[in-house]
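Treat the numbers as computed from the prediction; the structure is a model and nothing was measured. Throughout, a chain's letter reflects where its sequence line sits, starting with A, and its residues are numbered from 1.
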There are 2 protein chains.
Amino acid sequence: MALPKVGSIGEYIREQRQQAKISLRQLAAAAGVSNPYLSQIERGLRKPSAEILNQIAKGLHISAQALYVQAGLIEDRETPSDVVTAIRADTHLTERQRQVLIDIYESFRKEKRAGDEQTSQNAHPRSDSVADDEQSLPEELRAALEPYAASTGNGTVNQETKEG
Amino acid sequence: MALPKVGSIGEYIREQRQQAKISLRQLAAAAGVSNPYLSQIERGLRKPSAEILNQIAKGLHISAQALYVQAGLIEDRETPSDVVTAIRADTHLTERQRQVLIDIYESFRKEKRAGDEQTSQNAHPRSDSVADDEQSLPEELRAALEPYAASTGNGTVNQETKEG
DNA sequence: CCACTCTGCTTGCAATTGCAAACGAAATGG
DNA sequence: CCATTTCGTTTGCAATTGCAAGCAGAGTGG
């Protein structure tokens, strides 16, 4: 049934291995997996688990993410915005906090775009056409955030926020 | 090695799920895995494959990398997703906006740390009031975020995850 | 020619994944 | 009180992972 449709990952591993000029058995030993299994992985007959994938990545001295992307386990275009990505990847926030933070960030971006239109004679034609009036731009939010930012009393942001 | 010592990943998934306030079955359906299996994963009795992990990440609306890091499948330094760094590096924000975002982010972190101290005792939450059980936010911030967060329940305006 | 070593591949088999079905507990309602 | 729903969990089972053992071919050299 679930036969080899995982070819790309295997091919990729084999490419990387041959490029490193090491034998299948050598890589198998370096990665801590058996040679027959690695053989089957490279030919797309088996679908390796994440753990095996990680060990193979180490054996190949390549980033594990490269393998995961090849295996389709990570969206390659997982970068709509660096800030959004970072927020989504933050393990110390709740789901709700993430949503709120992202929404605030996007409303900030809109605000800034609106402000930039006055200084820039060339407006960006938004072919995407997000419904402008549908967006609930939080006026109350903005009104509340301004005094909040002022009330923090730090004209210069404290740049050391280290934690253990 | 009968029992795999993968407890942390399961605990992390359970934490994220409870913070998102969805049931085990709901997440299982959203992730496309069976509920008993998800239950076993959360309790560390089973070691999910990368594919399952990826689906769970989607169901939780978190980055797959976050899960892989927790599972020990990716080195921490491979994910440079630091929210503060990303905000500071964003050229599409004004300095003021950056500062406010960072402040909000840090207050969220503090908030969650305070809330995490009692996550183990999670009674059955009645879903009649969504924004009632939130913790202590700065007054002005909370007053502004409450109605705003309520509107972000399901229909996000700009970007929505396409599922289907 | 035969022994040795390297290459990758095929074959069973134990262990594990992942799921369908079913179970007890707690809440809602007739 | 009992039916119903929802919650997380337990129980068997098919399918798969991953490995030890063994196979065939290509060098190398005594």
Side-chain angles (χ1 to χ4, degrees), chain A residues 1-7 9-60 67-68 71-73, chain B residues 1-7 9-60 67-68 71-73 119-129 133:
Chain A
M1 323 232 172
L3 273 184
K5 187 54 190 77
V6 280
I9 174 68
E11 292 174 17
Y12 181 71
I13 291 175
R14 176 159 287 192
E15 272 180 33
Q16 293 296 312
R17 175 175 65 81
Q18 290 175 342
Q19 195 169 333
K21 290 197 167 53
I22 58 179
S23 75
L24 191 148
R25 279 177 138 95
Q26 280 176 325
L27 174 56
V33 306
S34 71
N35 21 78
Y37 190 46
L38 180 58
S39 169
Q40 290 166 321
I41 289 173
E42 286 190 352
R43 286 175 297 147
L45 302 179
R46 291 282 210 278
K47 183 175 61 178
S49 73
E51 206 167 337
I52 299 285
L53 235 44
N54 186 36
Q55 290 174 351
I56 292 176
K58 283 180 183 170
L60 279 173
L67 274 188
Y68 293 143
L73 299 172
Chain B
M1 57 184 198
L3 287 181
K5 186 64 169 63
V6 284
I9 174 66
E11 293 174 16
Y12 178 71
I13 291 175
R14 176 159 288 192
E15 273 181 31
Q16 293 296 310
R17 176 176 64 80
Q18 290 176 339
Q19 280 163 5
K21 294 208 166 44
I22 59 179
S23 74
L24 191 148
R25 280 178 138 96
Q26 281 175 325
L27 173 57
V33 305
S34 70
N35 22 79
Y37 189 46
L38 180 57
S39 169
Q40 289 166 322
I41 289 173
E42 286 190 353
R43 284 175 298 149
L45 301 179
R46 291 282 209 279
K47 182 175 60 179
S49 73
E51 208 166 334
I52 298 285
L53 235 43
N54 187 35
Q55 290 174 347
I56 292 176
K58 284 180 183 170
L60 279 173
L67 272 189
Y68 293 144
L73 300 171
T119 46
S120 56
Q121 286 191 352
N122 198 354
H124 299 279
R126 293 292 303 145
S127 61
D128 54 357
S129 68
D133 58 342

*Could you state the CG-P distance from B/L38 to D/dG8, rounded to the nearest angstrom?*
9 Å
*So, is A/R43 close to the C/dT10 phosphate, meaning a side-chain N or O under 4.0 Å from OP1 or OP2?*
yes
*Rounded off to whole Å, could you give me the CG-to-P distance for the A/N54 and D/dG18 pair?*
13 Å
*When you match B/Q40 and B/R25 each to their closest nucleotide on DNA chain D, which lands nearer the 5' end?*
B/R25
*Nearest to side-chain heavy atoms of B/P48, which nucleotide of D/dT17, C/dC9, C/dG18*: C/dG18
*Donor-acceptor pair, A/Y68 side chain versus B/Y68 backbone, under 3.5 Å?*
no
*Just report the end-to-end axis angle for the helix from C/dC1-D/dG30 to C/dC23-D/dG8, five pairs per end, to 10 degrees.*
10°
*Phosphate-side-chain proximity, A/R46 and C/dT10, N/O vs OP1/OP2 below 4.0 Å*: no
*Atom-pair distance (CG on B/L27; P on D/dT9), nearest Å*: 13 Å
*asked:* On a heavy-atom basis, which atom in B/L24 and which in B/E42 lie closest, and how many Å separate them?
replied: CD1-OE1, 3.8 Å
*Grab the CG-P distance between B/L45 and D/dT11 for me, whole Å please.*
11 Å
*asked:* Side chain of A/P36 only, heavy atoms from C-beta on: which candidate in D/dT17, D/dA21, D/dT9 is closest?
replied: D/dA21
*Side-chain (B/R43) to main-chain (B/G10) donor-acceptor, under 3.5 angstrom*: no
*Counting only side-chain N and O atoms of A/S23, is one of them less than 4.0 Å from OP1 or OP2 of C/dT7?*
yes
_Distance check needed: C/dC19 P versus B/N35 CG, whole Å only._
9 Å
*At under 4.0 Å, does any side-chain N or O of A/R17 touch on OP1 or OP2 of C/dT7?*
no
*Nearest heavy-atom neighbours spanning B/G59 and B/A30*: CA-CB, 4.2 Å
*Report yes if at least one side-chain N or O of A/S49 is closer than 4.0 Å to OP1 or OP2 of C/dT17; otherwise report no.*
no
_Check this one for me: any side-chain N or O of B/S39 less than 4.0 Å away from OP1 or OP2 of D/dT9?_
yes
*Starting at CD1 of B/I22 and ending at P of D/dT6, how long is that distance when rounded to a whole Å?*
16 Å
_Interatomic distance where CD belongs to A/Q55 and C1' belongs to D/dG18 [whole Å]_ = 11 Å
*asked:* What is the distance, to the nearest angstrom, from the CD1 atom on B/I52 to the P atom on C/dT16?
replied: 18 Å
